[in-house]
Amino acid sequence: MKKMLHLILLILSAFSGAALAGGNFNQDFVITWGEGRAKILDDGKLLTLSLDKASGSGFRSKKQYLFGKIDMQIKLVAGNSAGTVTTYYLSSLGSNHDEIDFEFLGNLTGEPYILHTNVFAQGKGNREQQFYLWFDPTKDFHTYSILWNPLGIIFSVDGTPIRHFKNHESKGISYPQNQPMWIFSSLWDAEDWATRGGLVKTDWTQAPFTASYKNFNALACTSASGSCSNNSSANSWFSQSLDNPGIERIKWVQKNYMIYNYCTDAKRFPSGFPPECSII
Ligand SMILES: *[C@@H]1O[C@H](CO)[C@@H](O)[C@H](O)[C@H]1NC(C)=O
Ligand SMILES: *[C@@H]1O[C@H](CO)[C@@H](O)[C@H](O)[C@H]1NC(C)=O
Ligand SMILES: *[C@@H]1O[C@H](CO)[C@@H](O)[C@H](O)[C@H]1NC(C)=O
């Protein structure tokens, strides 16, 4: 009987080990900023960042990635989050850095967050696109994904692609593909510009502000080992691009939820749009 119990416990622990393997914050991330305000909870299954009048907080991945399909579930600051910014991005750092950005700009209770995106290659960004979301991102966790491979970068929300930045390096447009990147996230105060261009300030009576993270999952190549979690199955993430339903979904999002696109901002580019704008 006792042996049987041990066996069952052993099997159970083997299963929970497997379930955790996809994402354990203790194993995959380090808190880099605002220690005390950032917390890893629930045996590494949950991470929370908070912001108070003193400062914000942040974390980064232990590993660097060179291409990957990276998912994170995030629940954003609820209530009056005006002035706060939650960032979630990949970056190689340095002056010629590559970077793939999600940033969530808070708002007054009931008013929409803005999801801001950008892509930097070799230090050059200025490729902002912004969106409203089709749900309240503070009520529940939602999955924010970056698929980054040699063909392109696809930003997705709950599996719906919202932005596609193709690799046009062969046409002279630099593309992030040589510099490994870390995953970063932070929660900080940006009341000078975040909400309606700085018109709405942070309400510190609502502090601390908290954002939560869970179910991190990366199918990726890590630079350190050069090893990849891709394999020879035909639809592996490494060679994935947008299929026809994906193209239809992205059109739906861009038609109904896109509120800013650098490729249509003529005032900003009086002498012509960046080259990728005309070959997308
Ligand atoms: C906040 O709400 C206002 C009013 O609905 C809207 O114009 C703005 O885009 C929203 N988001 C941010 C981050 O300012
Ligand atoms: C290929 O990768 C997928 C996704 O990680 C995994 O489920 C599958 O077991 C892998 N196949 C092989 C043969 O390694
Ligand atoms: C897996 O990734 C490596 C890049 O590090 C690439 O050379 C290889 O072709 C990939 N394999 C597949 C099946 O996509």
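We count ligands from 1, going down the list as the structure has it; atoms in each ligand are counted the same way. Numbering of residues begins at 1 and proceeds along the displayed sequence.
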- Query: So is Ile114 polar-close to ligand 1, meaning N/O to N/O under 3.5 Å?
  - Reply: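 Between Ile114 and ligand 1, no N or O pair is found under 3.5 Å apart.
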
- Decide yes or no on salt bridge (Lys or Arg N to Asp or Glu O under 4.0 Å) for Glu276 and Arg127, but give the supporting numbers first. CA-CA 10 Å; Glu276 69 273 14; Arg127 299 190 170 109; 2.7 Å; yes

Report the part of [X] (side chain from C-beta onward, or backbone N, CA, C, O) that has a heavy atom under 4.0 Å from ligand 1; answer both or neither where that applies.
{"X": "Tyr113", "result": "neither"}
{"X": "Leu105", "result": "both"}
{"X": "Ala194", "result": "backbone"}
{"X": "Arg196", "result": "both"}

For [X], the ligand 1 atoms whose distance to one of its heavy atoms is below 4.0 Å:
{"X": "Glu111", "answer": "2 (O), 4 (C), 5 (O)"}
{"X": "Thr195", "answer": "14 (O)"}
{"X": "Pro112", "answer": "1 (C), 2 (O), 5 (O), 10 (C), 11 (N)"}

- Using the side-chain hydrogen bond (donor to acceptor under 3.5 Å, both in side chains) rule, pick out the option among Thr195, Asp192, Asp189, Asn80 that qualifies with Thr202. Asp189

- Nearest protein heavy-atom contact for atom 13 (C) of ligand 1: which residue, which atom, what distance? Gly106 O, 3.4 Å

- Message: Considering non-hydrogen atoms of the protein only, which is the closest contact for atom 9 (O) of ligand 1, and what is the distance?
- Response: Tyr132 OH, 2.7 Å

- Is any side-chain heavy atom of Glu128 closer than 4.5 Å to a side-chain heavy atom of His116? yes

- Message: Pair Arg37, Asp52 - check salt bridge (Lys or Arg N to Asp or Glu O under 4.0 Å), show working.
- Response: CA-CA 8 Å; Arg37 279 181 291 272; Asp52 59 28; 3.7 Å; yes

- Candidates Trp134, Phe131, Phe135 - the one meeting ring-ring contact (aromatic ring centres under 6.0 Å, His included) with Tyr257: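 Output: one option passes, namely Trp134.
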
- Query: Which option out of Asn107, Leu199, Leu108 puts a heavy atom nearest to atom 12 (C) of ligand 1?
  - Reply: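 Considering heavy atoms of Asn107, Leu199, Leu108, the nearest to atom 12 (C) of ligand 1 sits in Asn107.
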
- Message: Using modelled atom types and a 3.5 Å cut-off, is there a donor and acceptor pairing between side-chain atoms of Ser92 and backbone atoms of His97?
- Response: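 No, because the side chain of Ser92 does not come within donor-acceptor range (under 3.5 Å) of the backbone of His97.
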
- Would you name the heavy atoms of Asp203 and Phe209 that are closest together and state the gap between them? O-CZ, 3.4 Å

- Task: Decide side-chain contact (heavy atoms from CB on, under 4.5 Å) for Val200 and Leu108; before the verdict, give the C-alpha distance in whole Å, the side-chain angles of both, and the deciding distance to 0.1 Å.
- Result: CA-CA 8 Å; Val200 188; Leu108 294 167; 3.7 Å; yes

